[in-house]
Amino acid sequence: MTLSQELFERGLIEKTTSEELLPKLDQGGLTFYVGFDPTADSLHVGQLAVFNLMALLQAQGHSPVGLMGGATGMIGDPGGKSQERNLLSEAQLQENIQGIAAQIHRFLAFEGGPKARIVNNYDWFKGIGFISFLRDIGKHFSVNQMIQRDSVKSRLEREGAGISYTEFSYMLLQAYDFVVLFQNHGVTLQLGGADQWGNIVSGIDLGRRLGTAPLYGLTLPLITKGDGQKFGKSESGTVWLSPEKTSPYEFYQFFLNQADEDVVRFLKVLTQVPLAEIKELEAQVLAEPHKRAAQKRLAEDLTRRVHGPEALAKVQRASKMLFGEKISDLDEALITQIFKDVPSVQLERARLEAGLPLIDALFEVGAAKSKGEARKLIQQGGAYVNNEPQKELEFLLRPEHLVSVRHLVLRTGKKNYALLEFS
RNA sequence: GGGGAGAUUCCCGAGUGGCCAAAGGGAACAGACUGUAAAUCUGUCGGCUCCGCCUUCGAAGGUUCGAAUCCUUCUCUCCCCA
């Protein structure tokens, strides 16, 4: 199977700007780029598909360029936003760029062969004067066409929102990026999400007017979930790649809990698990869904890739412990690892010795929003001490309930853990 | 500028003097079932020192034994006409 066939098979190609691109993809040797907007100091799982595509292309002998939008990040892409964006400070942008660049390093090879590079468009925009930009670049854009763009149109039609001249200019900047990257690095292909089509085409047009070699674009489909909800959000919000923002444990659980109807598609788009193996997993989902072999494969693969094999081993151990039986006899090191990401609270040891009401403990650790709620949880059988249900309203926690020298594990519901630490 | 409608507990939305912490639905949270899923069913869903008390119905005052409900002023939203 050729690379382009595989990419279609995996659902990584929504459309390309030209058929000519496909044989070039199969051949290798292109230099391509993807732009990243530094709106946060981390990327999120929604962007994993692009990474995967970049890695697949690199494996085929293409050279990836990750473009950090140091300049464009100061402006903001009008697409997809209903409102004018808040401008970020320069220091914040710097920090975000560094965070994102570090994450890209986990997915691509920066040494040997067709090595990956990271560039920042601030480097070329900072030296350009307004006049020369208008004369050399702005000249090639028709406002008539620009206002036809959906991203602009929707903002113009929306009452009260409007669009600033600044954001309106965004597409010129992105188009210019493509041309500069061609001139400086020989980039001839731009990848992006389905929403980037317009911006990519702008770059290609500009290239043609300025006499570059033919440029190409390829967009990825939007990742959707079977139930129509947006992919990439969990109850606790966006699932990030950075372990500081989303713990490896949550990250792993997020993928483990994907619906049967989505999991096969996600395996294809987000991982490099061979298609033959995915086919087998698909059969298993149908035959024995309760084993969730496909979800496990997905969660393992991505956790290993994003957080590393050690982190994977830890979260797997943690998952076993958290969804297992009664918790007892843990050593300090293990308990802090497993419960690192769980809310915890430090309490006086004397309170435990005196007998600490379970109601107070649930409230203080934040497992219940009020004591009344804690009371109801216990009455309904939704409160657990060391994974054992505790229905006695007046229950007092005592030193004998400790599972380690100074910890005690509370749980509400199926999987909301909280750790009490006594000093 | 003129006329009309409205602002209720996370959201939608009933309630027009006591039976109102306020119907119903949604969301959320627990329990059962299960596959750490979906669907379904059950329960909870302002706070507390919880058979009682306290704080809520846009804001501030007032009438009343008693107000989300009546009166006054204010703030905001929506609709129609010019």
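The sequence lines fix the lettering, A, B, ..., with proteins before strands; numbering per chain opens at 1. Because the structure is a prediction, the values reported are computed rather than measured. Any value given below was found using the heavy atoms of this structure, including those in side chains, with hydrogens, waters and symmetry copies removed.
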Problem set entry | Phosphate OP1/OP2 of G47(B) contacted by R375(A) side-chain N/O (<4.0 Å) | no
Exercise. Hey, is the side chain of S370(A) poking within less than 4.0 Å of OP1 or OP2 on G46(B), counting only N and O atoms?
Worked result: no
Roughly how many Å apart are [M] and [N], using the [atom1] atom of each and rounding to a whole number?
N	M	atom1	result
G25(B)	U16(B)	C1'	22 Å
C10(B)	C57(B)	C1'	15 Å
U9(B)	A23(B)	C1'	13 Å
C19(B)	G13(B)	C1'	22 Å
U8(B)	U56(B)	C1'	10 Å
C29(B)	G52(B)	P	31 Å
U55(B)	A21(B)	P	13 Å
U69(B)	G58(B)	P	8 Å

For this session: Using atom types as modelled and distance alone, determine if a side-chain donor or acceptor of H62(A) lies under 3.5 Å from a backbone N or O of P114(A).
Result: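 No, H62(A) side chain to P114(A) backbone: no donor-acceptor pair under 3.5 Å.
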Exercise. Within the side chain of N120(A), is there an N or O that forms a donor-acceptor pair under 3.5 Å with the backbone of G70(A)?
Worked result: yes
Report the distance from atom [atom1] of [X] to atom [atom2] of [N], rounded to the nearest whole Å.
X	N	atom1	atom2	value
L393(A)	C51(B)	CG	P	11 Å
K371(A)	U44(B)	NZ	P	23 Å
Q379(A)	C45(B)	CD	P	10 Å
K369(A)	C29(B)	NZ	C1'	7 Å
I378(A)	A30(B)	CD1	C1'	12 Å

Problem set entry | No-hydrogen, no-angle side-chain donor-acceptor test under 3.5 Å, Q174(A) and S202(A) |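 Distance-only check fails for Q174(A) and S202(A).
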Exercise. Between the side chains of N387(A) and Y417(A), is a donor N or O closer than 3.5 angstrom to an acceptor N or O?
Worked result: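 There is such a pair between these side chains.
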Problem set entry | Given RNA chain B, 5'-ward residue of the pair N416(A) and G372(A), judged by closest heavy atom |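 This one resolves to N416(A).
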Using purine N1 to pyrimidine N3 plus N6-O4 or O6-N4 for Watson-Crick, or N1-O2 and O6-N3 for G-U wobble, both under 3.5 Å, which nucleotide pairs with [N]?
N	value
G1(B)	C81(B)
U49(B)	none
U63(B)	none
U34(B)	none
G6(B)	C76(B)
A27(B)	none
U16(B)	none

Problem set entry | Geometric class of the F254(A)/F231(A) ring pair [parallel <30°, tilted 30-60°, perpendicular >60°] | tilted
Seminar exercise, completed: d(F395(A) CZ, H401(A) NE2) to nearest 0.5 Å is 3.5 Å
For this session: Take nucleotides 31-36 of chain B nucleotide by nucleotide from the 5' end and write B, S or -, depending on whether a protein heavy atom sits under 4.0 Å from the base, only from the sugar-phosphate, or from neither.
Result: S-BBBB
Exercise. Only one of Y249(A), F255(A), Y252(A), F251(A) clears ring-ring contact (aromatic ring centres under 6.0 Å, His included) with H307(A); which?
Worked result: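 Exactly one candidate clears the test, F251(A).
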Exercise. Between Y33(A) and F178(A), does the ring centroid distance fall short of 6.0 Å?
Worked result: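 Yes; F178(A) has its ring centre under 6.0 Å from that of Y33(A).
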